[in-house]
Amino acid sequence: AQKITQTQPGMFVQEKEAVTLDCTYDTSDQSYGLFWYKQPSSGEMIFLIYQGSYDEQNATEGRYSLNFQKARKSANLVISASQLGDSAMYFCAMKGWTDKLIFGTGTRLQVFP
Amino acid sequence: DAGVIQSPRHEVTEMGQEVTLRCKPISGHDYLFWYRQTMMRGLELLIYFNNNVPIDDSGMPEDRFSAKMPNASFSTLKIQPSEPRDSAVYFCASKRGGRDEQFFGPGTRLTVL
């Protein structure tokens, strides 16, 4: 069985600072993928970043990077230079050998001026 | 490029009525997913299709739920009869074969009174 754990229900960060959102996972699959999605108050789910289990480099997409530590089974999202528009719920998700995504419970990020 | 399109965006119905949610995936994407988001259960996969064929429907709650994909550009999720506990946001997502990233539609907020 696969499991995603997000232990931070809420996080606060000041504008222009960096923030790390935690995600740990558990799976018995040898090949898997890890995702982060953003859900603003408007409700849509926005794909941010993806990391494959065999990727040697940490994934980066603009201000987003995924800090992948395979031995620790963690896939933390780092947002650099936070902006007010980054305030949202953030979901970590994973897939194993199938295409089914398993989601964590989410972290609500609030960026303040 | 157009993203995933869902209709209606909001649906309010009474218990016992039939509800049909619609989804148009991104052109060229051959996988389509239906997810449900509730406060109690979070985000969970209901069913997904590959090349219009259902691959995994283990998340479909019960026989009241059915999903079809008659062609590559259209899918429906039907609930008959609807119950108050079906109230949720229903997301459709799609992806291209060979890629892992899933792109979500804006969701349909369903309220069953």
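First the proteins, then the strands, lettered A, B, ... as listed; each starts at 1.
- Within a 6.0 Å sphere centred on CD of B/E14, other residues, nucleotides and ligands contribute 12 heavy atoms or fewer.
- Cluster membership for B/F103 and A/L48, using ILVMFWY side-chain heavy atoms within less than 4.5 angstrom, is not shared.
- With a 6.0 Å radius and a threshold of 12 heavy atoms from other residues, nucleotides or ligands, A/K16 has its NZ atom at or below the threshold.
- Looking at A/I102 and B/E44, their side chains never come closer than 4.5 Å, going by heavy atoms from C-beta outward.
- In this structure, A/K100 and B/S58 have side chains that are in contact, with non-hydrogen atoms separated by less than 4.5 Å.
- Taking CG of B/D100 as the reference point, atom OH of A/Y32 lies at 13.0 Å (rounded to 0.5 Å).
- No more than 12 heavy atoms of other residues, nucleotides or ligands sit less than 6.0 Å from atom CZ of A/F12.
- Nearest heavy atoms, B/F33 versus A/D99: CE2-O, 3.4 Å.
- Within a 6.0 Å radius of CZ in A/R108, other residues, nucleotides and ligands contribute 12 heavy atoms or fewer.
- Atoms OG1 and CE, from A/T105 and B/M39 in turn, are 11.0 Å apart once rounded to the nearest 0.5 Å.
- Only the side chain of B/D56 comes within less than 4.5 Å of a heavy atom of chain A; its backbone N, CA, C and O stay farther away.
- Nearest heavy atoms, B/Q37 versus A/F91: NE2-CZ, 3.6 Å.
- For A/F35 against B/E101, the heavy-atom pair with the smallest separation is CE2-CA, 3.9 Å.
- Closest approach of B/F91 to A/E44, counting heavy atoms only: CE2-CA, 4.4 Å.
- Other residues, nucleotides and ligands contribute over 12 non-hydrogen atoms within 6.0 Å of the NZ atom of A/K73.
- Atom OH of B/Y35 is separated from atom CG of A/L101 by 3.5 Å, given to the nearest 0.5 angstrom.
- Heavy-atom distances place the side chain of A/Q39, and not its backbone, under 4.5 Å from chain B.
- Enclosure of atom CD in A/Q57 is not indicated, since only 12 or fewer non-hydrogen atoms of other residues, nucleotides or ligands lie within 6.0 angstrom.
- Atom OG1 of A/T98 and atom CG of B/L45 lie 8.5 Å apart (nearest 0.5 Å).
- A heavy-atom distance below 4.5 Å is not found between the side chains of A/Y37 and B/L43.
- Within 6.0 Å of CZ in A/R63 there are more than 12 heavy atoms belonging to other residues, nucleotides or ligands.
- Heavy atoms from other residues, nucleotides or ligands lying under 6.0 Å from CG of B/D63 number 12 at most.
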